[in-house]
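Notes follow the structure.
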Amino acid sequence: MNQTANEIAEWMVKEVRFAGILRQQDAVDYIAKHYGEAYIYVNENGNRSIDKEVKKIFKKLHGGKAAWDRDGFFWGWT
């Protein structure tokens, strides 16, 4: 799972870097379609979310250059 988690996190960094924004719903849909439901879970609010390990790697890879917008449910490149 770790290699795939890295691959997903790298995809997320590329997306947010080049598009300037990555909406959580778009990322969830892409990950589920291309990598499977194993990397998606339902959070405490009942929403589909990205695996915590993937998000941890993503955070390490972007090194503070992507900020989470809590109201809009997206990451933006800073």
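Nothing here was measured: the structure is a model prediction, and the numbers come from that model. Computed from heavy atoms alone, side chains included, the values below leave out hydrogens, waters and symmetry copies. Residue numbers run from 1 in the order of the sequence given.
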Does Tyr35 form a side chain to side chain contact (heavy atoms under 4.5 Å, CB included) with Glu7? I'd like the steps, not just the answer.
CA-CA 10 Å; Tyr35 297 99; Glu7 199 176 300; 3.1 Å; yes

Any side-chain donor-acceptor pair under 3.5 Å between Glu10 and Asn6?
no

Using every non-hydrogen atom in the two residues, find where Arg48 and Gln24 come nearest and quote the distance to one decimal.
O-NE2, 3.5 Å

Considering non-hydrogen atoms only, spot the tightest contact between Phe58 and Ala66 and give its length.
CZ-CB, 4.1 Å

For residues 68-78, which side-chain N or O atoms pair as donor and acceptor with protein atoms under 3.5 Å away, sequence neighbours left out?
unit_1 : atom_1 : unit_2 : atom_2 : d
Asp69  : OD1    : Asp71  : N      : 3.0
Asp69  : OD1    : Gly72  : N      : 2.6
Thr78  : OG1    : Lys65  : O      : 2.8

Is [Y] close to [X] at the side-chain level, that is, under 4.5 Å between some pair of heavy atoms?
X: Val16; Y: His62; result: no
X: Ile40; Y: Ile31; result: yes
X: Asn2; Y: Ile57; result: yes

Measuring from [X]:[atom1] to [Y]:[atom2], what's the distance to the nearest 0.5 Å?
X: Lys52; Y: Tyr41; atom1: NZ; atom2: OH; value: 3.0 Å
X: Leu61; Y: Arg17; atom1: CG; atom2: CZ; value: 9.0 Å
X: Tyr39; Y: Ile50; atom1: OH; atom2: CD1; value: 13.5 Å
X: Met12; Y: Leu22; atom1: CE; atom2: CG; value: 5.5 Å

Looking at Glu15 and Arg23, does any basic side-chain N land under 4.0 Å from a carboxylate oxygen?
no

In chain order, what residues pass the side chain to side chain donor-acceptor pair (under 3.5 Å) check against Tyr30, with sequence neighbours excluded?
none

Is a donor on one side and an acceptor on the other found under 3.5 Å between the side chain of Asn45 and the backbone of Asn47?
no

Would you say Lys59 has more than 12 foreign heavy atoms packed within less than 6.0 Å of its NZ?
no

